[in-house]
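These notes concern the structure reproduced below.
Every chain is numbered from 1 and lettered A, B, ... according to where its sequence line falls, protein lines coming before strand lines.
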Amino acid sequence: MDLTTLNQEQLAAVRHADGPLLLLAGAGSGKTRVITFRIGYLIRQRGVLPAQLLAVTFTNKAAKEMKERVEELVGKRQCRGMIISTFHSLCVRILKEDIERLGYKKNFSIYGTADQVRLIKDLMQAVNVDGKKYDAERIQWMISDAKNRLIPPESYTVRYQDEYEYLAAEVYPKYQKALKAFNAIDFDDIIMLTVRLFREHPDVLEKYQQRFRYLMVDEYQDTNAAQYLLLRSLAGERRNLCVVGDDDQSIYGWRGADLGNILDFEKDFPGAAVIRLEQNYRSTGNILAAANAVIGNNRQRKEKALWTSGDKGRPIELVRCMDEEDEARVVMERIHAERFRHELQYREFAILYRTNVQSRAFEEQLRYENIPYVLIGGQQFFDRKEVKDAVAYLKVLVNRRDEVNLLRILNYPKRGIGETTADRLIRASAEGERPLWEVLCAAGEIEDLGEKAQEAVSGFVALMERYAQRFARTPNLADTAREFFAEIKLEDEIYRGTDDPKKARRRVENLEEVVNAMASYLEREEKPSLSGFLEKVSLLDEDRPDRDSKEKKLERDAVTLMSLHSSKGLEYPVVFMVGMEEEFLPHKNVLNQGADVEEERRLCYVGITRAQRQLVLTGAAQRKKYGQLQPRIPSRFLQEIPGELLDSQTSEGRPPASEEEQETMANNFFSGIRAMLGD
DNA sequence: GTTGCGTTTATTTTT
DNA sequence: TAAACGCAAC
């Protein structure tokens, strides 16, 4: 650990051990390095025990990376007991320990958005009088928003008087009650319940305050009210809280992140030291100048400017294209040309866009040109129906009170428990105020159930009980799961229910991937359990297994495609920011709602600062939308970049066999040959 | 319980 | 344009 490699500010931050510290770290200022050095410094120089350290991040990826870097710095042995995790994993851990104090059982289910929406739909059906269809997702969003602001059901008040608010006010308490009856918690509860646990049971809080002597938080600008309170409680009197963040990179306001947390840190923690890291080690001068110019238009921010001791680099390219197809082609041409001229690998390119749907045109073109790529985000693996079905079975095995998932699998695959039977069971459950599972177990006692139905139900109960026991006994979870899915014939059901055989094949593969994910979980984990696996799945704590997973492990050389949001924290030698048009960036919805354009500008800033050497901005003059051509207007943020930094071009549409195109074709030819040779 | 057809509706970002 | 949904007919 060589402290002399740090600049003055970085060194000051590393050496600040006790008391609150606000580290304002601009993009590319070596922030992660400072955090890891600081952890190392505390352990090595200050004799802090690893178990007394807690570092919190937002994404599993960031947590994993930080952990690896610390281990590399101070040695794996010195890291034993140190916790570096996301807010959500940390809180699940805490809840696993003491949630019984709040009246839940330890085998609680974690509900993701899809589960939540399903439950809310059911509840709305029960409430709904006028037969009008309301958007359950919107209600889900409103409840989530309330939870992020720590508003419990009983305190939810209608402020704007729109019909959705009234509906939310009605549904929210029922929703929360149902969750508890199902022994389930949703994503927002993970944080909110932990805060409540600490507040209502000071002895529990004290336990953790005793343990965690030094707290560190990355991406502090993204914390919401609940997370803020959590940190505050944990920091306690000792106030050894070091937060790292950049108000200019706050892009999760829509998820309840409160920019006030970072802007008011000095007020919340009087006497806090403030250190700014403004020297940038990532990008060229031109790129930084553009970034500074754009973000300078925001009013709500702490004044700062990135600078570099390096040179200006190449100008930023701005390419005006005809339409989305043309845009994709332009990007491909650039990739080929850059790769050729500067001997770059595919993995050194990233294509960034505002919305996930924009990836499509690029994917098509990349596939057409045989360029390998990885797509980050988009349709989540665990959101696919077949995956959710499989996971639902496992969830019910662990927690039989989980009725959302119980109802999901009750008659899937078909086992003779039709709608009428299900309705009768549900009614019996409601009338007797007993959990649905108990009713199922006692199906024989329900008179209005036919003999056949009774048999079907008890068969299902027996099946679940049998496998619950097997899972509890065997260490070989993956094999048991495979057998389980085979026995209930999930695969057959997929083939039957999918007309396109190709799609069916895909889905079956996805089902297999669930078992594979479980197998790799078993390898990694010291004391594996079914509920442990489900926890990882719910928190998306695994590299998402998709059909590329094997190759991906070999660090495939591929172009990266992702949203601007997912790009935060990453860097690439060449970055394409595509779709630089009004209504994309800033996004249409933001404009309509008259909401915060500043957050969109920050998003733009995040994108620009991902680029190390070369930044290419593209936009289309027209674009197909819902099958119709629409004229497009260049993004207002482009005008905020000083003209002298830009090299503006117009794509020539399709020039008949230009030099560049010939080069493209030649490259395609060669990459085709390489592909044939198995390169 | 399923299939097929016509109609509607899109509209952001994710732990 | 495309996917998702509802409804009617099997």
Side-chain angles (χ1 to χ4, degrees), chain A residues 56-63 85-92 110-114 116 121 133 135 137-138 140-141 144-145 147-148 186-192 218-219 222-224 226-227 249-257 324 352-361 376-383 385 411-422 493 496-499 503 535-542 544 562-569 579 583-593 595-596 599-600 602-604 606-607 623-630:
Chain A
V56 191
T57 65
F58 271 86
T59 66
N60 297 300
K61 199 169 60 184
S85 79
T86 63
F87 273 101
H88 293 271
S89 331
L90 171 72
C91 289
V92 167
I110 298 172
Y111 278 9
T113 330
Q116 298 181 53
K121 262 187 191 153
K133 53 181 163 69
D135 183 2
E137 275 166 53
R138 189 160 158 195
Q140 186 274 321
W141 195 88
S144 169
D145 188 53
K147 287 185 175 185
N148 283 327
D186 69 21
F187 238 81
D188 307 300
D189 282 338
I190 294 176
I191 314 288
M192 202 176 75
D218 194 13
E219 309 282 13
D222 290 334
T223 52
N224 61 32
Q227 288 155 339
Q249 293 187 68
S250 163
I251 53 175
Y252 287 105
W254 52 274
R255 210 169 67 186
E324 64 258 63
L352 308 181
Y353 36 77
R354 175 66 232 265
T355 69
N356 284 310
V357 279
Q358 289 173 261
S359 70
R360 205 155 170 166
I376 310 282
Q379 228 241 5
Q380 297 291 315
F381 178 78
F382 289 104
D383 277 348
K385 186 186 176 299
N411 197 34
Y412 182 89
K414 313 234 149 15
R415 54 170 66 87
I417 309 176
E419 215 175 316
T420 29
T421 309
E493 185 63 25
R496 196 167 337 128
T498 318
D499 24 5
K503 268 190 185 153
E535 181 189 317
K536 298 259 181 215
V537 166
S538 307
L539 299 179
L540 295 176
D541 184 7
E542 302 272 327
R544 59 188 108 238
M562 67 187 151
S563 69
L564 286 166
H565 281 89
S566 340
S567 76
K568 194 166 60 144
E583 305 205 315
F584 269 151
L585 192 67
H587 193 270
K588 193 181 169 188
N589 287 3
V590 175
L591 295 171
N592 292 346
Q593 291 160 19
D596 204 1
E599 181 153 312
E600 296 293 298
R602 292 194 289 266
L603 207 42
C604 182
V606 166
R623 202 174 274 279
K624 239 191 241 156
K625 206 178 180 193
Y626 311 143
Q628 216 113 80
L629 269 184
Q630 305 247 315

- Message: Using the C1' atom as the point on both nucleotides, what is the distance between B:dT12 and C:dC5, in whole Å?
- Response: 23 Å
- Message: Check the orientation of A:His565 and A:Trp254. Use parallel for under 30°, tilted for 30 to 60°, and perpendicular for over 60°.
- Response: perpendicular
- Query: Which one, B:dG1, B:dT11, B:dT14, comes nearest to the side chain of A:His565?
  - Reply: B:dT14
- Task: For A:Ser566 and A:Thr59, run side chain to side chain contact (heavy atoms under 4.5 Å, CB included): C-alpha distance rounded to whole Å, both residues' side-chain angles, the deciding distance at 0.1 Å, then the answer.
- Result: CA-CA 10 Å; A:Ser566 340; A:Thr59 66; over 6 Å; no
- Looking only at B:dT14, B:dT12, B:dT11, the nucleotide nearest the A:Thr355 side chain is B:dT12
- Query: Taking the side chain of A:Asn589 as its heavy atoms from C-beta onward, which of B:dT15, B:dT11, B:dT14 lies nearest to it?
  - Reply: B:dT11
- Minimum-distance nucleotide to A:Trp254 side chain [options: B:dT13, B:dT11, B:dT2]: B:dT13
- Item | Nearest to side-chain heavy atoms of A:Arg360, which nucleotide of B:dT14, B:dT12, C:dA3 | C:dA3
- Message: Please determine whether a side-chain nitrogen or oxygen atom of A:Asn356 lies at a distance below 4.0 Å from atom OP1 or OP2 of B:dT13.
- Response: yes
- Query: If you draw a 6.0 Å radius around CD in A:Gln630, do more than 12 non-hydrogen atoms from other residues or ligands fall strictly inside?
  - Reply: yes
- Mind checking the CG-OG spacing from A:Asp188 to A:Ser144? Nearest 0.5 Å is all I need. 3.5 Å
- Query: CD of A:Glu493 versus P of B:dT2: gap in Å, rounded?
  - Reply: 8 Å
- Among B:dT12, B:dT15, B:dT14, which nucleotide sits nearest the side chain of A:Tyr252? B:dT14
- Just how far, in rounded Å, is C1' of B:dT11 from CD of A:Gln630? 12 Å
- Separation of B:dT11 C1' from A:Lys624 NZ (nearest whole Å): 19 Å
- Message: Between C1' on B:dT15 and CD on A:Glu219, what's the gap in Å once rounded to a whole number?
- Response: 12 Å
- For A:Phe187, answer base if it contacts any base atom (sugar-phosphate contacts may also be present), sugar-phosphate if it contacts only those atoms, and nothing otherwise; contact means non-hydrogen atoms under 4.0 Å. base
- Pair of N/O donor and acceptor under 3.5 Å linking B:dT13 base with A:Arg354 side chain: yes
- Closest heavy-atom contact between A:Val56 and A:Thr86? CG1-C, 3.9 Å
- Locate the shortest heavy-atom distance separating A:Tyr353 from A:Ser359; write the atom from each residue and the value. OH-CB, 3.4 Å
- Expressed in angstrom and rounded to an integer, what is the separation of A:Tyr353 atom OH from B:dT13 atom P? 10 Å
- Query: Can you tell me if the side-chain N/O atoms of A:Lys414 get under 4.0 Å from OP1 or OP2 in B:dT2?
  - Reply: yes
- Item | Of the listed nucleotides B:dT12, B:dT13, B:dA10, the one nearest the side chain of A:Tyr626 | B:dA10
- Message: On the nucleotide B:dT14, are OP1 or OP2 found under 4.0 Å from the side-chain N or O atoms that A:Ser566 carries?
- Response: yes
- In whole angstroms, how far is the P atom of B:dT15 from the CH2 atom of A:Trp141? 17 Å
- Query: Below 4.0 angstrom from OP1 or OP2 of B:dT14, is there any side-chain N or O of A:Ser563?
  - Reply: yes
- Task: Nearest whole angstrom, please: distance from the P of C:dT1 to the NZ of A:Lys625.
- Result: 16 Å
- Query: Between B:dT9 atom C1' and A:Glu137 atom CD, what is the distance in whole Å?
  - Reply: 13 Å
- Item | C1' atoms of C:dA3 and B:dT14, separation to the nearest Å | 22 Å
